Amino acid sequence: MNQGIMNVPPPRNEPEYNYAPGSPERAAIIKEIERLRSSDPPEIPLLVGGREVRTGQLGQVRCPHDHGRVLATFHQAGPQEVAAAVEAAREAWREWSSWDWTDRLAVFLQAADLASTKYRFLLNAATMLNQSKTVHQAEIDAATELIDFYRFNVHHAGLIHGQIMNMAPGNWNHLEPRPLEGFVFAVSPFNFLAIGSNLPTAPAMLGNVVLWKPSSSVVFSNHFLLKLWAEAGLPPGVINFLPGPGDQVGAPVLAQPSLAGLHFTGSTDVFREMWSAIGRNIGRYRNYPRLVGETGGKGFVMVHASTDPALAATALIRGAFEFQGQKCSATSRAYIPDSLWPQVRDLLAAALEEIKVGDVADLRNFMGAVIDRPAFRRVTGYLEYARTSNDHQIVFGGQADDTRGYFIQPTVIRATQPQTKLMNEEIFGPVLTVYVYPEKDFAETLGLCDQTSPYALTGSIFARDRPAVRRALTGLRYSAGNFYINDKTTGAMVGQQPFGGARASGTNDKVGSILNMWRWVNPRTIKETFIPATDFRYPFLGKGP
């Protein structure tokens, strides 16, 4: 055991490569994409206690922008594999929870450096093929944010271990941040490899063991993380890999008495179902499970009449259409004053005419495809609704084609009423709905924005008028957990803007911050008294007036 007082290296945000024409990173990513494309599709097993498990129940991962291409097949877990993973995690917990905390954190600092160098282009290329992200979107996800999670979470874990308690004469107090007693269930979504990495590793840094269920759509890109962690020195059984159907994996996991926590990112409905299941099972758990969830969003941009229309239009395009709008933080609705709408509309239309949609391996494309056929059908269902609704008018776009890939053109829709279906519901696609409000009704429109949607994840105000900014900060105080002034609603950076929202958007435990890391410890306070009492009597018991 380390006998020294260790300082965790100060974290820094990973520098971003720009992949400009002629750059070495551009050549490297093109080469890696071609290598993966020309390789035979792997058959990906489960990983339970460090052992590869093949169930014979196979699923497929397809490339969204070329859905005839199978990227991988993968074995799917069921109740039997869940039971084996719980036992493997329990065995791993005995050793992992007893490691010196500096040794555990060293594993993830090693993983950060490996992801920054040896694995960078592999993770980016796999993400481009599997999630249909442009090279820029892959770089800020599978490289920079993923690495930032490791480095900043290590820093925050070090702060937790360095807590100093107040002292009184004659005693010594300290706090022991023990791991949770049991395992954490990590359930990650399709849209960010960084989230798939963070959900299991954040609890693991603090000595916990994890059962990890990634989205079935992205098992190909996510399985490379297992190789990264193994090379960084993560022991077998600390993180167990269990892709498979929700009812075959999730239900058996939630029935386990040793469930100690749920670390979730995904849909609001699924999180509510899991929370309800945990509530029904509450009497069987050894401890009350920690429930941490980031769910849906309906990101908004409030535009004030003092805004430069060009700034607002740029933020709307990037916030709404990067990665095909498949971010819970994406700009999905905008409130624009009637005095600015004609200018903003024309700027949007001119810019969107230039945007190319297609295979992300062609680095000239701004957008790729939505993730799969169910997503394509869901988003095009909203487009069809807008075409037939009296409350909506398609201003730009609206076309879709799934002949080769699940391509949907960037679409701007004007809502004639402020609380329509498209202003209220999460679409998770490249669709921006705009409500044009009378300029004089700015204050009232703030109230509409706050009350229209059940979500409260991201939002922004665009204004050059400072009193308008202050009014929006007050009127929209609980409307977003991440709020931006004169910026788009996406792109929160680890260590700078801890991410999360409330209401129907989740528990707001702020991934990438010490707030989230505290959720994965079971603190014990220890008091040592140097001169214990020798008499039960207190002074007040003495005789006399």
Side-chain angles (χ1 to χ4, degrees), residues 16 18-21 26 29-30 33 63-67 124 127-129 131-141 191 299 301 303 308-327 329-334 336 340-371 375-376 378-380 382-383 386-387 392-414 422 427-434 460 462 487-491:
E16 176 188 325
N18 64 25
Y19 297 90
R26 189 181 182 96
I29 195 67
I30 291 172
I33 290 170
C63 179
H65 49 269
D66 184 9
H67 52 59
N124 278 345
T127 298
M128 292 174 72
L129 290 173
Q131 280 102 311
S132 197
K133 290 197 172 189
T134 63
V135 69
H136 170 70
Q137 291 297 308
E139 171 72 10
I140 62 175
D141 167 21
N191 54 344
V301 169
V303 178
D308 181 338
L311 300 181
T314 298
L316 291 173
I317 290 168
R318 287 186 168 183
F321 302 123
E322 287 181 326
F323 187 38
Q324 300 76 263
Q326 296 175 121
K327 304 179 183 183
S329 59
T331 306
S332 188
R333 54 188 169 125
I336 301 177
L340 292 187
W341 169 238
Q343 294 170 272
V344 174
R345 178 196 61 211
D346 292 348
L347 288 166
L348 287 173
L352 293 174
E353 285 285 357
E354 296 184 26
I355 284 179
K356 294 181 173 62
V357 180
D359 187 334
V360 293
D362 181 345
L363 302 192
R364 297 169 298 178
N365 287 325
F366 184 84
M367 289 170 54
V370 297
I371 190 65
F376 181 85
R378 185 184 66 252
V379 177
T380 54
Y382 279 100
L383 298 180
R387 289 189 186 93
H392 300 91
Q393 174 193 1
I394 296 178
V395 177
F396 186 93
Q399 298 83 26
D401 183 2
D402 64 347
T403 305
R404 178 172 180 178
Y406 302 115
F407 295 113
I408 300 175
Q409 295 298 315
T411 300
V412 178
I413 296 172
R414 179 176 176 179
L422 271 65
I427 299 174
F428 226 64
V431 180
L432 171 66
T433 308
V434 175
S460 75
F462 271 80
D487 206 346
K488 60 187 175 68
T489 63
T490 60

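Here the structure is a predicted model, which is why all the values come from computation and not from measurement. Each residue takes its place number in the sequence, starting with 1.
When all heavy atoms are compared, the tightest approach of A315 to K488 is O-CB, 3.7 Å. When all heavy atoms of P410 and F321 are compared, the pair lying nearest together is CB-CD2, 3.6 Å. Across all their heavy atoms, G368 and V360 have their closest contact at CA-CG1, 3.8 Å. Taking all atoms of both residues into account, the shortest heavy-atom contact from V303 to A312 is CG2-CB, 4.2 Å. Of all heavy-atom pairs between T490 and A330, the closest is CG2-CA, 3.7 Å. Q326 and A369 get closest at one heavy-atom pair: NE2-O, 3.8 Å.
In this structure, T411 contributes its side chain and Q409 its backbone to a donor-acceptor pair below 3.5 Å. Using a distance-only test at 3.5 Å, with no hydrogens or angles considered, no donor-acceptor pair links the side chain of Q324 to the main chain of G429. Within the 3.5 Å criterion, the main-chain N or O of G398 finds a donor-acceptor partner in the side chain of R387. Side chain of D362 to main chain of R364: a donor-acceptor pair is present (N/O by atom type, distance under 3.5 Å, no hydrogens or angles). Side-chain N or O atoms of S460 include one that pairs as donor or acceptor with a backbone N or O of D487 at under 3.5 Å. For the pair T134 (side chain) and Q137 (backbone), a donor-acceptor distance under 3.5 Å is present.
Proximity of V395 to V434: side-chain heavy atoms (C-beta onward) are nowhere separated by under 4.5 Å. With a 4.5 Å cut-off on side-chain heavy atoms, L347 and I317 do not count as touching. Contact annotation: the side chain of I33 approaches that of M128 to within less than 4.5 Å [non-hydrogen atoms, C-beta and beyond]. Taking 4.5 Å as the limit, every side-chain heavy atom of N124 sits out of range of all side-chain heavy atoms of V135. Using a 4.5 Å heavy-atom cutoff, the side chains of D141 and K133 are in contact. Counting heavy atoms from C-beta outward, I355 and M367 have side chains that approach closer than 4.5 Å.
Applying the salt bridge (Lys or Arg N to Asp or Glu O under 4.0 Å) test to D359 and every residue at least two apart in sequence or in another chain returns R37. Taking the salt bridge (Lys or Arg N to Asp or Glu O under 4.0 Å) definition, one finds that D401 meets it with nothing, sequence neighbours left out. When the ring pair (Phe, Tyr, Trp, His ring centres under 6.0 Å) test is applied to H392, the partners found at least two apart in sequence or on another chain are Y385. Not counting sequence neighbours, K327 has no partner by the salt bridge (Lys or Arg N to Asp or Glu O under 4.0 Å) test. Residues that satisfy the ring pair (Phe, Tyr, Trp, His ring centres under 6.0 Å) test with Y406, not counting sequence neighbours, are H67. Partners of E322 according to the salt bridge (Lys or Arg N to Asp or Glu O under 4.0 Å) rule, which considers only residues two or more places apart in sequence or in another chain, do not exist here.
The NE2 atom of H65 sits 10.5 Å away from the CD1 atom of I371 when rounded to the nearest 0.5 Å. To the nearest 0.5 angstrom, L363 atom CG is 8.5 Å from N365 atom CG. Here CZ of R378 is found 8.5 Å from CD1 of I408. Values are rounded to the nearest 0.5 Å. Taken from CG in D402 to CZ in F376, the straight-line distance is 4.0 Å, to the nearest 0.5 Å. Put simply, CD on Q399 and CD1 on I394 are 8.0 Å apart, with the number rounded to the nearest 0.5 Å. S332 OG to I427 CD1: the interatomic distance, rounded to the nearest 0.5 Å, is 4.5 Å.
Each of E139, H136, R26 was checked for a side-chain hydrogen bond (donor to acceptor under 3.5 Å, both in side chains) with Y19, and the lone residue meeting it is E139.
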Next on the checklist: Set out, in order, the CA-CA distance, both residues' side-chain angles and the distance that settles side-chain hydrogen bond (donor to acceptor under 3.5 Å, both in side chains) for S329 and T489, then state yes or no.
Outcome noted: CA-CA 6 Å; S329 59; T489 63; 5.6 Å; no
Next on the checklist: For a side chain to side chain contact (heavy atoms under 4.5 Å, CB included) check, start with the C-alpha distance between I336 and V301, then their side-chain angles and the critical distance, and finish with the verdict.
Outcome noted: CA-CA 8 Å; I336 301 177; V301 169; over 6 Å; no
Item to check | Derivation and outcome, side chain to side chain contact (heavy atoms under 4.5 Å, CB included), residues L348 and F396 | outcome: CA-CA 9 Å; L348 287 173; F396 186 93; over 6 Å; no
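The cationic atom of K356 (NZ for Lys, CZ for Arg) does not lie both less than 6.0 Å from the six-membered ring centre of F366 and within 45° of the ring axis.
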